[in-house]
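Everything numeric here is computed off the predicted structure, so don't read it as measured data.
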Amino acid sequence: MRVLPDVAGIDRTFDYVVPADWDAPGDPRGAIVQPGSLVRIDLHGRRVGAWVLEVDVAPPEGVTLRPLAKVSSLGPPVDVLDLARATAWRWYGRLANVLTTASPPTAVRALPLARPHVVAPQGAGVSYDEAFATAAPLVLRLPPADDAFDVLAAATRRGNALILAPSVDEARTFATRLRRSGVIVALHPRDWAVGAAGATVVGVRAAAFAPVRDLAAIVVVDEHVETYQEERMPTWHARDVCIDRARRAGVPCVLTSPAPTLDALALADERAPSRAVERAGWPIVDVVDRRRDDVGHGGLFSERIVSVLRGEGPVVCVLNRTGRSRLLACAPCGELARCERCHSAVTQRDDGALACGQCAMIRPALCASCGSQQLKNLRLGVTRAREELEALAQRPVAEVTAEHERGDRTSDLYIGTEAVLHQVRSARAVVFLDFDQELLAPRFRAGEQAMGLLVRAARVVGGRAAGGRVVVQTRLPRHEVIDAALHADPGRLVAAERETRTALGYPPFSALAVVSGVAAPAFVDRLGSTAGIDVMGPNDGRWLVRAPDHATLAEVLAAVERPPGRLRVEVDPHRV
DNA sequence: CGGACAAGCTGA
DNA sequence: CAGCTTGTCCGG
């Protein structure tokens, strides 16, 4: 019996024997000990948990095997075990970390009886059955106003489906709706054993590793949402894990999104709705060009906003948190100071030069548009903005941030950070007071993430027919993100992003890893000048490793002997 | 990770 | 040289 301890710092397997009495007929312990199961072992003087990886292995010469101490629980089935191995390899992480995610939250000694599969009835809307007809992964572009439920129902018509949603709330809602149409649903991770026995499984990111007996289809809802990437090591992405899982199982995998990411499009074919359908599912987008405005005191609210505030019905204003906002604009012409190379916002260093937060490029403090040397800071926090908005609207304003809610709860005028878009379900208008913060964030996925915000806003105001509006105040009115939302055509953003990322060698046109921690210098040193990869840095104690693809990257990283000490290797970093 | 054991340091 | 700290090694 080969086992892997769940102890950080021990990344190797050990061999044990199953105590003879467990194998006696009628003893349940013998049946629970199988690959994936959780056991307890005596290791070097202490009792620790471990996963059974293999049974019937030939132990190495000259070691006396100790018996397993205890069996705790059933664990991930073999297909998930293989998926976990592949994930640990692809994202350069420890298998034990992935197996923790794949294991039941509380001990499972036996599986419940599976209830017979129920076929959800076909609804009145569009049929998505055809999307599941082939085993090749597919991206379904659904406009913001369209619900993914019909897609999920189609998935369950094939058998037990695995359905991932970006948030716990959405997962719960989908689970409830599917149950209402008669489908047997396990909500992951609570109903781990129900899924293992055979049911449609609904959950968030971690459900990518949920056991699903007789898995027939996988759906990842809103694949563009960032919560699908694990932030601890290994930094696996549930979308990519699901595509791999579907391929291994030979079942269809459908990703949905109003604005698919380049990463998804690199792995799956896209099916887009007709222009008419897509346009109908996006709201009207108003772009307010602020380059000519006076942005001094009180300049956060343009004339256009004042008129929006006058109408009936709830209005939501979105502004980024204080502190994160540090933008420079040219005083005479209003142009934003951006990096010439990667177009991120730049900050001014103590010596006056402009430095890019993303690619570390440095240039003199000159406006790229008019050559002026006069630059000014733009900054304003939510609390101040609320006071101004209250004065402007002459009625109470509720303030919503991720941390707290303040002000008048009965008000239908809200202001807050992007958290406000999660808390206010429906509104007549959503106003982005300063969208440039999003567009120019020093992350190479900033554009897609900004698009994600517009999608959220679009859902709050509803489709074109609902009459709602998304108002975007910006100094970059021609930015491809705004252009794409304005025309209800996310393809425009994809085209622009593809060009930039190809030119800069960013994913999905390369595979990246950021290496940091005390052991990083030694690790990078051992990486040396391996053929086929680039090592850049150090920048702030972090090195960037770039390979043409993930197979190469994983191969190269695994070939290096891991030096002692803390080492963080972030594959697919969201910040570079 | 954390226990075992060895080598190094200190004070009487 | 007992009694303690610090470092390195290794687990079936």
Student: Taking atom CZ as the centre, does A/Arg213 end up with more than 12 heavy-atom neighbours from other residues, nucleotides or ligands that are less than 6.0 angstrom away?
Tutor: no

Student: Tell me, which of residues 5-24 of chain A have any heavy atom that sits under 4.0 Å from an atom in DNA chain B?
Tutor: A/Val7, A/Ala8, A/Gly9, A/Ile10

Student: Among pairs that include at least one residue of residues 559-569 of chain A, which meet salt bridge (Lys or Arg N to Asp or Glu O under 4.0 Å), considering only residues two or more places apart or in two chains?
Tutor: A/Arg568-A/Glu570

Student: Would A/Arg177 count as a cation-pi partner of A/Phe149, with NZ or CZ less than 6.0 Å from the six-membered ring centre and within 45° of the ring normal?
Tutor: yes

Student: Please report, rounded to the nearest Å, how far the C1' atom of C/dG12 is from the CD atom of A/Glu61.
Tutor: 14 Å

Student: For the pair made of CG in A/Asp42 and P in B/dC1, what is the distance, rounded to whole Å?
Tutor: 21 Å

Student: Not counting sequence neighbours, which residues clear salt bridge (Lys or Arg N to Asp or Glu O under 4.0 Å) with A/Glu170? List them please.
Tutor: none

Student: Could you list the residues that satisfy salt bridge (Lys or Arg N to Asp or Glu O under 4.0 Å) with A/Glu54, not counting sequence neighbours?
Tutor: none

Student: Find the distance A/Ile41:CD1 to B/dG2:C1' and express it as a whole number of Å.
Tutor: 14 Å

Student: With a 4.0 Å cut-off on N to O distance, would you call A/Arg501 and A/Glu448 a salt bridge?
Tutor: yes

Student: Residues two or more places apart in sequence or in another chain: which of them pass side-chain hydrogen bond (donor to acceptor under 3.5 Å, both in side chains) with A/Asp263?
Tutor: A/Arg445

Student: Please indicate whether A/Asp540 has more than 12 foreign heavy atoms, meaning atoms of other residues, nucleotides or ligands, lying under 6.0 Å from its CG.
Tutor: no

Student: Could you list by number each residue of residues 43-54 of chain A showing a heavy-atom separation from DNA chain C of less than 4.0 Å, or answer none if no residue does?
Tutor: A/Leu43, A/His44, A/Arg46

